[in-house]
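Here's a structure for you.
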Amino acid sequence: MEAINAGLRIDVDTMRGTRVGVPNLVSTLADYGVRGTFFFSVGPDNMGRHLWRLFRPSFLLKMLRSKAVSLYGLDILVRGTFWPGSLIGQKAAEQIRMAATDHEIGLHAWDHHKEQTRIEKMDILEIRHVLAKGLVTLQALIGRPVRCTAAPAWKGSGNVLRVKDSFDLLYNSDCRGYSIFRPQLSEKLVSQPQVPTTLPTYDEIVGKNGVTAENYNDYLLGLFRPGELNVLTIHAEVEGIVCKEMFGEFLEKAQNRGIRFRPLGELLEQGDHCSGEMSRTVLPGREGWVACQREMMEKTDV
């Protein structure tokens with residue numbers, strides 16, 4: 001059996017995911033000797049403001065298919081809707097530091113909801129402001145530099161890349177794709193490589209094409225490819241809470257199949273980081289556009 005080195009990206013979007021999901025994941029990962037990269041949202045938790053998107057048929061169908069209320073919890077789905085969202089970094093500092101003990105730490109967002117839904121309307125100065133605010137906050141919490149970021153919902157726009165390229169970052173994970181590459185903008189080649197997500201997430205595939213919670217692990221494991229870049233994104237709100245036991249079983253099966261998970265930063269040695277282009281696409285099971293490495297749809301099963 002050929003061993004597979006895979007990257008594990010852990011997105012933490014909400015207060016509940018940080019307070020409850022992160023400690024659960026830290027414990028589960030320790031049980032299997034696995035290290036990954038936690039990407040934290042550290043500003044206001046306003047994720048409940050996504051509720052207005054229920055008026056979009058595609059988003060409503062996704063919510064129903066993935067049983068979102070039971071999956072995420074009612075407090076996540078209304079957070080920041082009827083009252084101001086609490087500052088995650090301020091209220092959940094202990095849990096963030098807990099993850100930083102053994103894992104790579106990166107910035108996901110200052111305000112996840114705003115950066116996911118309004119990134120196209122934000123100018124360079126506003127993007128720079130929220131990125132700097134998030135980095136400074138997270139660095140103060142963990143007591144060391146933060147050298148990587150991951151755009152919420154893979155919304156890696158050209159302006160986002162331009163701003164990040166001016167910060168002292170080792171790499172970013174802002175898109176879906178199939179190999180580590182350096183994005184080519186119209187005016188220059190970005191200095192920081194992208195480590196894209198190559199595999200689908202739980203909410204994108206469960207409830208479709210015969211995939212259920214019972215056979216999800218085997219289905220997902222069947223998508224890993226020897227000799228290729230394999231990067232899995234999980235969410236503290238899903239694999240760290242409701243699907244905690246299922247994720248533990250997944251890690252056990254993955255180890256039995258020779259899959260070894262690593263922080264994304266440890267994958268940078270793979271490949272020669274050739275230049276590539278990022279474009280936008282719509283993925284099955286995901287509402288709205290995501291940034292993708294060009295030709296991704298022809299090269300992966302995402």
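All values below were derived from every heavy atom in this structure, side-chain atoms included, with hydrogens, water molecules and symmetry-related copies excluded. Heads up: numbering here begins at 1 and tracks the sequence. No experiment lies behind these values; they were computed from the predicted model shown.
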Q.
Counting C-beta onward and ignoring hydrogens, is there a side-chain heavy-atom pair between Lys208 and Ile205 closer than 4.5 Å?
A. no

Q: State, to 0.1 Å, how close Ile88 and Ser41 come at their nearest heavy-atom pair, and which atoms those are.
A: CG2-O, 3.4 Å

Q.
For the backbone of Ala153 and the side chain of Arg286, can you confirm whether one donor and one acceptor N or O come within less than 3.5 Å of each other?
A. no

Q. Would a 4.5 Å heavy-atom cut-off, applied to side chains only, mark Cys148 and Thr37 as touching?
A. yes

Q) So, the side chain of Arg280 versus the backbone of Cys292: is there a donor-acceptor pair under 3.5 Å, distance only? A) no

Q | Flag side-chain contact, heavy atom, 4.5 Å: Trp289 against Glu120 | A | yes

Q | From Arg97 atom CZ to Ile142 atom CD1, the distance as rounded to the nearest 0.5 Å | A | 10.0 Å

Q | Flag side-chain contact, heavy atom, 4.5 Å: Ser173 against Leu264 | A | yes

Q: Given side-chain contact (heavy atoms from CB on, under 4.5 Å), test Leu199 with Val231 step by step and report yes or no.
A: CA-CA 6 Å; Leu199 295 158; Val231 176; over 6 Å; no

Q: Taking the side chain as every heavy atom from C-beta outward, state whether Ile4 and Arg257 have any atom pair closer than 4.5 Å.
A: no

Q: Identify whether the distance between the nearest side-chain nitrogen and carboxylate oxygen of Lys114 and Glu126 falls below 4.0 Å.
A: yes

Q. Do you reckon Met278 sits in the same ILVMFWY cluster as Met122, going by side-chain contacts under 4.5 Å, direct or chained?
A. no

Q | Side chains of Leu220 and Asp218 in contact at under 4.5 Å (non-hydrogen atoms) | A | no

(Q) Taking Pro23's backbone N and O only, do any of them form a donor-acceptor pair with Ser27's side chain (distance below 3.5 Å, no angle check)? (A) no

Q) Do Thr198 and Asn230 pass the side-chain hydrogen bond (donor to acceptor under 3.5 Å, both in side chains) test, and can you show the C-alpha distance, the side-chain angles, and the key distance before you say yes or no? A) CA-CA 6 Å; Thr198 69; Asn230 294 276; 4.8 Å; no

Q) Can Arg262 and Glu269 be counted as an ion pair, charged N to O under 4.0 angstrom? A) yes

Q: Establish whether Ile234 and Met246 are linked, either directly or via other cluster members, by ILVMFWY side-chain heavy-atom contacts under 4.5 Å.
A: yes

Q) Between CG of Asn217 and OH of Tyr202, what distance do you get to the nearest 0.5 Å? A) 9.5 Å

**Q.** Lys/Arg-Asp/Glu bridge criterion (N-O < 4.0 Å) met for Arg147, Glu104
**A.** no

**Q.** Donor-acceptor under 3.5 Å (Tyr216 side chain, Val206 main chain)
**A.** no

Q: Using side-chain hydrogen bond (donor to acceptor under 3.5 Å, both in side chains) as the criterion, point out the one residue from Asp168, Thr149, Asn172 that pairs with Gln192.
A: Asn172

Q: Test side-chain contact (heavy atoms from CB on, under 4.5 Å) on Leu283 and Thr281 and set out the steps.
A: CA-CA 6 Å; Leu283 298 180; Thr281 191; 3.9 Å; yes

(Q) For Arg176 and Glu204: C-alpha separation, side-chain torsions, deciding distance, then whether salt bridge (Lys or Arg N to Asp or Glu O under 4.0 Å) applies. (A) CA-CA 13 Å; Arg176 308 294 280 263; Glu204 291 172 0; 2.9 Å; yes

Q. Where do Thr18 and Ile96 land on the side-chain contact (heavy atoms from CB on, under 4.5 Å) test, with the steps shown first?
A. CA-CA 7 Å; Thr18 312; Ile96 294 174; 3.8 Å; yes

Q: Working to the nearest 0.5 Å, report the span between CG of Leu25 and CD of Gln95.
A: 12.5 Å

Q. Between Asp123 and Asn159, does any side-chain donor sit less than 3.5 Å from a side-chain acceptor?
A. no

Q) Charged N to carboxylate O below 4.0 Å: is that the case for Asp174 and Lys164? A) yes

Q | Side-chain (Arg182) to main-chain (Val190) donor-acceptor, under 3.5 angstrom | A | yes

Q. For the hydrophobic clusters of this structure (ILVMFWY residues joined by side-chain heavy atoms under 4.5 Å, transitively), does one cluster hold both Val26 and Val238?
A. yes

**Q.** For Met15 against Ala92, the heavy-atom pair lying closest together
**A.** SD-CB, 4.3 Å

Q: Would you check if there is a donor-acceptor pair between the side chains of Asp45 and Ser86 at a distance under 3.5 Å?
A: no

Q.
Check whether His112 reaches the backbone of Gly43 with its side chain - one donor and one acceptor, N or O, closer than 3.5 Å.
A. no

Q | Atom pair CD/OG1 of Glu239 and Thr201 - distance to nearest 0.5 Å | A | 8.0 Å

Q) Ignoring hydrogens and geometry, is there a side-chain-to-backbone donor-acceptor pair from Arg162 to Gly158 under 3.5 Å? A) yes

Q) If two hydrophobic side chains count as joined below 4.5 Å and joins carry through other members, does Ile119 share a cluster with Ile124? A) yes

Q. Minimum heavy-atom separation for Lys188 to Asp165, with atom names?
A. NZ-OD2, 2.9 Å

Q: First locate atom CD of Glu252, then atom OG1 of Thr28, and finally report the distance between them rounded to the nearest 0.5 Å.
A: 12.0 Å

Q | Sub-4.5 Å side-chain heavy-atom contact between Met47 and Asp13 | A | yes

Q.
Within the structure provided, determine whether Leu29 and Phe38 are in side-chain contact (heavy-atom separation under 4.5 Å).
A. yes

Q | Step-by-step side-chain hydrogen bond (donor to acceptor under 3.5 Å, both in side chains) determination, Thr197 to Thr233 | A | CA-CA 7 Å; Thr197 293; Thr233 295; 2.7 Å; yes

Q.
Between Glu115 (side chain only) and Trp110 (backbone N and O only), is there a donor and an acceptor less than 3.5 Å apart?
A. yes

Q. Is there a donor-acceptor pair closer than 3.5 Å between any side-chain N or O of Gln255 and the backbone N or O of Tyr32?
A. yes

Q) Does a donor on one side chain sit under 3.5 Å from an acceptor on the other, for Ser179 and Gln293? A) yes

Q.
If you compare all heavy atoms of Gln116 against all heavy atoms of Pro152, which two are closest, and at what distance to 0.1 Å?
A. CB-CB, 4.2 Å

(Q) For a quick test of reading the model, state the closest non-hydrogen atom pair linking Gly288 to Lys155 and the distance between them. (A) C-NZ, 4.2 Å

Q. Does any N or O in the side chain of Asn24 come within less than 3.5 Å of the main-chain N or O of Ile241, such that one atom is a donor and the other an acceptor?
A. no

Q.
Test salt bridge (Lys or Arg N to Asp or Glu O under 4.0 Å) on Glu94 and Arg19; report intermediate values, then the result.
A. CA-CA 8 Å; Glu94 178 183 352; Arg19 281 181 162 176; over 6 Å; no

Q. In Å and rounded to the nearest 0.5 Å, what is the CG to CD distance from Leu141 to Gln90?
A. 10.0 Å

Q.
Would you call the rings of Phe261 and Phe224 parallel, tilted or perpendicular, taking 30° and 60° as the class edges?
A. perpendicular

Q. Which atom pair, heavy atoms only, marks the closest approach of Gly156 to Ala151?
A. N-CB, 4.3 Å

**Q.** Heavy atoms from other residues, nucleotides or ligands near CD of Glu245 exceed 12 (cutoff 6.0 Å)
**A.** no

(Q) For Gln184 and Ser275, which I'm curious about, is there any donor-acceptor pair between the side chains at under 3.5 Å? (A) no

Q.
Are Phe181 and Tyr171 connected into the same hydrophobic cluster when the rule is that any two of I, L, V, M, F, W, Y join if their side-chain heavy atoms are below 4.5 Å apart?
A. no

Q) Is it true that Lys244 and Glu249 make a salt bridge, defined as a side-chain N closer than 4.0 Å to a carboxylate O? A) no

